[in-house]
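Here is the structure we will look at.
Values below: all heavy atoms of this structure, side chains included; hydrogens, waters and symmetry mates excluded. Note that the coordinates shown come from a computational prediction; the quantities given were computed from them, not determined experimentally. Here, residue 1 is the first one in the sequence, and each next residue gets the next number.
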Amino acid sequence: MFTIGDFARHGRVSVRMLRHYDATGLLHPARVDPATGYRYYTAAQLARLNRIIALKDLGFTLQQVREILEEKVTTEELRTMLRVRRADLEAAMTAAAARLVRVEARLRSIESEGQMSSNDVAVKSLPSVRIAELTGVATGFDAIGPVIQPLYGELLPRLAAVGITPTGPGVAYYEDAPDGGVLIHAGIEVAAPVQEVDGLRVVDLPPVDQAAAIVHRGSMETVLPTIQTLGRWIEANGYRSAGYPREIYLECPDNRDEWVTELQEPITAAVVSQPV
């Protein structure tokens, strides 16, 4: 048998925690010396301790842990429960990380108000461009990243499978989705005939008479200040937006902080209301 101190060391928990588990009925010692009150545990009890700690670390309350253990679930059943709980926690962590990225982008935008130069905004016409694309729907612009990244991860292998070779940079553009949200088009320039193969479409984007363009340097998670600088420039120079901007991925090294992306937003002359 182990003393409570030895058992705590082998279980990688504190003596205080073991005493708490004893008091709450989760894990009683195998024997308590009636004279000294010393607690003793067996090696076989490590299995129950492992289950308690695993369930607690996955967010179950002690009451829930007790109920699970009292049901005497099998090892395989417990493993399945832990996998499901782990997936839930991973999803929550991913959502929290994305939320932190959005907060950071918003803070950068606030900090850069009035500081980012709009001198690099240029007005130009956009020629027609042929791209191969995959599409997906995001619930909103704050949820584009988790949708567009897998699309691009799938796009190049799909092109290779049908024998289409990219001839230019990646091109993303957006539309309002029919049922709400944002319809994402993740594409890349190609010279293949217009066609559709198993959901992969080769299409021609129409030319645009006028677009305000600005270059963003860095990952697309940090694009908000650049987008807002472009919007301020459009308004200040007597234009109005005529649609979602295209994103032209000019340079996409492994380090996303070194990406170079041109934003091209269609514009028209603003309508000036006449005094009554």
Can you see which heavy atom on [X] is nearest to which on [Y], and at what distance?
X      : Y      : value
Ala138 : Ala143 : CB-O, 3.5 Å
Thr36  : Asp33  : N-OD1, 3.0 Å
Val121 : Ala212 : CG1-CB, 4.2 Å
Leu134 : Gly199 : CD2-O, 3.7 Å
Val15  : Gly5   : CG2-CA, 4.0 Å
Val171 : Tyr249 : N-CD1, 4.2 Å

### Message
Between Glu247 and Thr261, does the side-chain hydrogen bond (donor to acceptor under 3.5 Å, both in side chains) criterion hold? Intermediate values first, please.
### Response
CA-CA 6 Å; Glu247 297 169 0; Thr261 307; over 6 Å; no
Do [X] and [Y] sit in one hydrophobic cluster, given that two such residues count as connected whenever their side-chain heavy atoms are within less than 4.5 Å of each other, even indirectly?
X      : Y      : answer
Val203 : Leu200 : no
Phe60  : Leu62  : yes
Leu55  : Val84  : no
Leu183 : Ile144 : no
Val162 : Ile131 : no

Task: Aromatic ring pairing His185/Tyr173, orientation class (parallel under 30°, perpendicular over 60°, tilted between) - done: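 The rings of His185 and Tyr173 lie parallel, inter-plane angle below 30°.
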Considering only heavy atoms from C-beta outward, does the side chain of [X] approach that of [Y] to under 4.5 Å?
X      : Y      : result
Leu155 : Leu151 : no
Tyr21  : Val13  : no
Pro245 : Ile227 : no
His216 : Thr222 : yes
Pro29  : Tyr41  : yes
Val147 : Val137 : no
Val223 : Leu263 : yes
Tyr239 : Gln210 : yes

task: Please report the C-alpha distance between Leu205 and Arg246 in whole Å, then the side-chain angles of each, then the deciding distance to 0.1 Å, and finally whether the side chain to side chain contact (heavy atoms under 4.5 Å, CB included) criterion is met.
output: CA-CA 10 Å; Leu205 297 186; Arg246 294 180 187 175; 3.7 Å; yes
Nearest 0.5 Å, what's the [atom1]-[atom2] distance between [X] and [Y]?
X      : Y      : atom1 : atom2 : result
Arg86  : Asp88  : CZ    : CG    : 11.5 Å
Leu126 : Ile248 : CG    : CD1   : 7.5 Å
Ile52  : Leu18  : CD1   : CG    : 9.0 Å
Ile68  : Arg51  : CD1   : CZ    : 11.5 Å

Would you list the atom pairs, donor with acceptor, under 3.5 Å between side chains in residues 187-196 and any protein atom, with sequence neighbours excluded?
unit_1 : atom_1 : unit_2 : atom_2 : d
Gln195 : NE2    : Pro193 : O      : 3.2

Decide yes or no on side chain to side chain contact (heavy atoms under 4.5 Å, CB included) for Trp259 and Ser219, but give the supporting numbers first.
CA-CA 6 Å; Trp259 280 23; Ser219 73; 5.9 Å; no
Side-chain donor/acceptor of Arg66 to backbone N/O of Thr24, under 3.5 Å
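Side chain of Arg66 to backbone of Thr24, a donor-acceptor pair under 3.5 Å: yes, one is there.
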Exercise. Looking only at atom types and distance, does a side-chain atom of Arg158 sit under 3.5 Å from a main-chain N or O of Asp198, one as donor and one as acceptor?
Worked result: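 Side chain of Arg158 to backbone of Asp198, a donor-acceptor pair under 3.5 Å: yes, one is there.
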The test is side chain to side chain contact (heavy atoms under 4.5 Å, CB included); show your working for Ile184 and Tyr174 and say whether it passes.
CA-CA 5 Å; Ile184 300 170; Tyr174 308 93; 4.0 Å; yes
Notebook entry, point to check: Do Gln45 and Arg48 have a side chain donor and acceptor closer than 3.5 Å?
Noted result: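 No donor-acceptor contact under 3.5 Å links the two side chains.
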Apply side chain to side chain contact (heavy atoms under 4.5 Å, CB included) to residues Ile4 and Tyr38 and explain how you reach the verdict. CA-CA 8 Å; Ile4 190 171; Tyr38 290 166; over 6 Å; no
